[in-house]
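Proteins get letters first, then strands, A, B, ... in listed order; numbering begins at 1 in each.
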There are 2 protein chains.
Amino acid sequence: MISLNFKDKRPIYEQVMDRLKELMVVGALPENTQLPSVRSMAVELSINPNTIQRAYGELERQGYIYSIKGKGNFVAENERLRDLKIDEVKEKLIEVIEEARKLGLRDEEIISVIRQHGEGRERA
Amino acid sequence: MISLNFKDKRPIYEQVMDRLKELMVVGALPENTQLPSVRSMAVELSINPNTIQRAYGELERQGYIYSIKGKGNFVAENERLRDLKIDEVKEKLIEVIEEARKLGLRDEEIISVIRQHGEGRERA
DNA sequence: GATACTGTACTAATTAAATTAGTACACTTT
DNA sequence: AAAGTGTACTAATTTAATTAGTACAGTATC
């Protein structure tokens, strides 16, 4: 389900979070799906259960999953998921835009970067 | 010239780099200006000279400054600076755009975020 | 040449954060 | 009761950033 990139110097729990978010948002993990248990996921990735626990805990805090003691961790509702992730991306986008403007780039220049980079995804 | 934010959990050398980049690109530090020596900057910020050395070394590697042994570190040419920073930001922008598209956002939606956020900077 | 700056390189010690290790306890299902 | 689940907690380890200290080379000035 997940594979780790050890070249990446970000913390493991963060990589796990990002990968799970992607799978959830894309629909590979539908809403209310039960995620692998903390222990089994740890075995699968050959890392410590505490690290998974941390990832799950953060994901729950952010609203991506919900957990039921004794039962497991489950994917949150689809609508919720998409909104959460879109908000995250918009946040990032705004940060970059502000940085670009500090450099004196005008909106039209920024937008042209988007258009020039984007090819063939419009009708997807 | 620089002040550190200890709440920020990014490495100090990275904060120093970003702040200097900003000062250089904005023009507060014109091209060929001599930067504070490794040792004096360290005293000013109450941190270790090695940390400044690392920041300067990285800045040179990235092309923002050039150093002359025995003389000091100096701000690179203006044209160079702006291009470097703009490339950085465009890189970041493209990453965010790609993430946004994965979520199914169309270019028009992304662009509308930019326009809605940007107010009053068009004529700056 | 001597002095006092500058950059640069290097090793060792310290600090802080992530990760691991191990244990314990509560809840659910069978 | 047994076997799974989540959760909390402390302690040890590992890793990266930072500090500490020293050394050496180039520049400028006297």
OP1 or OP2 of D:dG6 under 4.0 Å from side-chain N/O of A:S67: no
Phosphate contact (C:dG7 OP1 or OP2) by B:N73 side-chain N/O below 4.0 Å: yes
Non-neighbouring partners of [X] that pass side-chain contact (heavy atoms from CB on, under 4.5 Å), sequence neighbours left out:
X: B:R39; result: B:S37
X: A:K85; result: A:K21, A:V25, A:Y64, A:E88, A:V89, B:E99, B:L103
X: B:R10; result: B:D8, B:E14, B:Q15, B:D18

Atom pair distance, as rounded to whole Å: [atom1] in [X] and [atom2] in [N]:
X: B:M41; N: C:dC5; atom1: CE; atom2: P; answer: 18 Å
X: A:Y66; N: C:dC27; atom1: OH; atom2: C1'; answer: 16 Å
X: B:D8; N: D:dA17; atom1: CG; atom2: P; answer: 14 Å
X: A:L59; N: D:dG6; atom1: CG; atom2: P; answer: 13 Å
X: A:I65; N: D:dT7; atom1: CD1; atom2: C1'; answer: 13 Å

Base versus backbone protein contacts along nucleotides 15-24 of chain C [heavy-atom cut-off under 4.0 Å; B, S, -]: ---SSBBB-B
Under 3.5 Å, sequence neighbours excluded: what are the donor-acceptor pairs made by side chains of residues 70-78 of chain B?
none

Expected output: side-chain B:E109 to main-chain B:R106 donor-acceptor under 3.5 Å: yes
Any protein N or O atoms within reach of nucleotides 27-29 of chain D? Criterion: under 3.5 Å, listing atom names and distances.
from, atom 1, to, atom 2, distance (Å)
D:dA28, OP1, B:K71, NZ, 3.4

Spatial distance of atom CG (B:L4) from atom CG (B:L45) [nearest 0.5 Å]: 5.0 Å
Interatomic distance, B:I52 atom CD1 to B:L59 atom CG [nearest 0.5 angstrom]: 10.0 Å
Common cluster, A:V26/A:L81, ILVMFWY with side-chain heavy-atom separation under 4.5 Å: no
